[in-house]
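Only this structure's heavy atoms are used, side chains among them; waters, hydrogens and symmetry mates stay out. A quick note: this is a predicted structure, and the numbers were derived from the prediction, not measured.
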Amino acid sequence: MKKLVFATNNQYKTAEVSTLLSGQFEVFNLNDIGCTVDIPETADTFAGNAEMKSGFVAENFHMDCFADDSGLEVDALNKEPGIYSARYSGERNDQLNLELVLKKLEGLENRKAQFRTVISLVQHGEKHLFEGIVRGTIRETPTGGNGFGYDPVFQPDGYQQTFAEMTMEQKNKISHRAIAMRKLIDFLKESVR
């Protein structure tokens with residue numbers, strides 16, 4: 001079975017991908033391969049940050065690797081918070097980040113936004129990118145107790161609930177990360193045929 005590294009320390013994400021690729025790939029995370037370095041994410045795009053992470057692992061551990069970067073892009077805020085989604089308020093604090101977006105949108109009619117994920121794969125020395133986008137609207141007040149980050153204020157187009165009001169299963173069928181991940185998985189399954 002081929003080995004593949006997911007450049008994350010998130011056990012939940014690793015298990016999810018392992019299940020989807022079972023029988024074809026053995027999936028490891030950063031902890032599994034002994035990577036304790038805080039890999040820099042200093043690019044100015046999601047793709048650039050994802051490529052930095054996957055490239056670091058491929059170069060230093062000599063294993064095929066994929067990494068993702070994602071965030072919220074609000075139309076009226078010139079696509080902010082974008083790559084700064086996790087630290088928009090100046091720190092890693094979901095509540096403060098969410099409150100800052102709502103404050104900046106006060107009085108604005110255009111509340112259209114999108115979540116974007118870009119996955120970078122380095123396989124056999126070649127780079128590949130996969131993107132997932134889900135469009136929606138930013139609600140004025142947070143609702144729902146599931147999810148994380150901006151989920152309580154993001155209502156995807158075609159739905160009456162925010163991501164935080166959906167079950168994990170519902171969200172995973174339509175989310176930006178799920179869309180990009182399906183593209184990656186389809187590509188990987190084709191590559192082992």
Side-chain angles (χ1 to χ4, degrees), residues 1-72 82-88 91-94 97 115-134 146-151 163-164 166-193:
M1 203 164 19
K2 296 188 179 198
K3 293 176 165 46
L4 184 65
V5 178
F6 185 1
T8 184
N9 284 311
N10 186 316
Q11 298 289 351
Y12 173 77
K13 281 185 181 181
T14 309
E16 187 178 45
V17 175
S18 293
T19 303
L20 294 168
L21 290 171
S22 67
Q24 292 157 317
F25 287 88
E26 190 176 357
V27 180
F28 300 90
N29 62 28
L30 295 175
N31 192 44
D32 296 332
I33 63 169
C35 179
T36 56
V37 176
D38 191 12
I39 303 169
E41 295 178 58
T42 54
D44 58 4
T45 63
F46 294 123
N49 283 331
E51 286 176 326
M52 286 178 91
K53 291 187 279 187
S54 62
F56 180 90
V57 171
E59 192 175 312
N60 292 283
F61 291 85
H62 311 289
M63 297 177 78
D64 290 345
C65 177
F66 70 94
D68 69 328
D69 194 31
S70 59
L72 178 69
I83 59 167
Y84 305 106
S85 292
R87 294 183 183 89
Y88 194 43
E91 55 185 283
R92 277 190 177 270
N93 183 311
D94 287 353
N97 294 335
F115 269 120
R116 178 194 305 266
T117 291
V118 178
I119 295 174
S120 165
L121 169 69
V122 177
Q123 187 182 39
H124 314 306
E126 292 180 15
K127 294 178 183 174
H128 307 275
L129 290 175
F130 308 90
E131 184 178 67
I133 292 174
V134 60
N146 299 327
F148 60 94
Y150 302 96
D151 287 357
F163 269 169
M166 296 179 175
T167 64
M168 185 64 76
E169 190 178 33
Q170 289 171 314
K171 180 186 167 187
N172 284 345
K173 285 182 181 171
I174 63 165
S175 80
H176 48 301
R177 188 171 284 108
I179 293 166
M181 202 60 82
R182 277 195 295 273
K183 291 177 182 177
L184 168 74
I185 287 162
D186 289 346
F187 177 85
L188 287 170
K189 286 182 174 178
E190 278 297 311
S191 75
V192 292
R193 283 190 177 177

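- Partner of R177 under the side chain to side chain donor-acceptor pair (under 3.5 Å) criterion, out of D68, T117, N172: D68 alone.
- The backbone N or O of L121 lies less than 3.5 Å from no partner atom in the side chain of S54, so there is not a single donor-acceptor pair.
- For the atom pair CG of L21 and CD of Q24, the computed distance is 7.0 Å after rounding to the nearest 0.5 Å.
- Residues that satisfy the side-chain hydrogen bond (donor to acceptor under 3.5 Å, both in side chains) test with E131, not counting sequence neighbours, are R116.
- For A7 against V57, the heavy-atom pair with the smallest separation is CB-CG2, 4.3 Å.
- Ring geometry for F6 versus F66: interplanar angle under 30°, hence parallel rather than tilted (30 to 60°).
- Applying the ring-ring contact (aromatic ring centres under 6.0 Å, His included) test to F61 and every residue at least two apart in sequence or in another chain returns nothing.
- For the atom pair CE (M166) and NZ (K171), the distance works out to 9.5 Å, reported to the nearest 0.5 Å.
- Taking CG of L188 as the reference point, atom NE2 of H128 lies at 9.0 Å (rounded to 0.5 Å).
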Which is it for D151 and N146 under the side chain to side chain contact (heavy atoms under 4.5 Å, CB included) test, yes or no, and what are the steps along the way? CA-CA 8 Å; D151 287 357; N146 299 327; over 6 Å; no
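- Here the CZ atom belonging to F130 is positioned 9.0 Å from the OG atom belonging to S120, to the nearest 0.5 angstrom.
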Using side chain to side chain contact (heavy atoms under 4.5 Å, CB included), reason through Y150 and S85 one step at a time and then give a plain yes or no. CA-CA 9 Å; Y150 302 96; S85 292; 3.9 Å; yes
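- The aromatic rings of H176 and F163 sit parallel to each other, their planes meeting at less than 30°, with 60° as the upper class boundary.
- L30 is not listed as a side-chain neighbour of F56, based on a closest heavy-atom distance of 4.5 Å or more.
- For the atom pair S18 OG and E26 CD, the distance stands at 8.5 Å (nearest 0.5 Å).
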Checking side chain to side chain contact (heavy atoms under 4.5 Å, CB included) for the pair V17/L184: CA distance, chi angles, key distance, verdict? CA-CA 10 Å; V17 175; L184 168 74; 5.7 Å; no
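- In the displayed structure, E59 atom CD is contacted under 6.0 Å by at most 12 heavy atoms of other residues, nucleotides or ligands.
- Between H124 and D64, the shortest heavy-atom distance links the atoms N-OD1, 2.9 Å.
- Looking at R87 and N97, their side chains never come closer than 4.5 Å, going by heavy atoms from C-beta outward.
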Apply side chain to side chain contact (heavy atoms under 4.5 Å, CB included) to residues M52 and D69 and explain how you reach the verdict. CA-CA 10 Å; M52 286 178 91; D69 194 31; over 6 Å; no
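- The shortest side-chain heavy-atom distance between I179 and I133 does not fall under the 4.5 Å cut-off.
- M181 contributes atom CE, which lies 4.0 Å from atom CD1 of I119 (distance to the nearest 0.5 angstrom).
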Only pairs under 3.5 Å count here: list side-chain donor-acceptor contacts from residues 32-46, not counting sequence neighbours, and write none if there are none.
from	atom 1	to	atom 2	distance (Å)
D32	OD2	N29	N	2.9
T45	OG1	G48	N	2.8

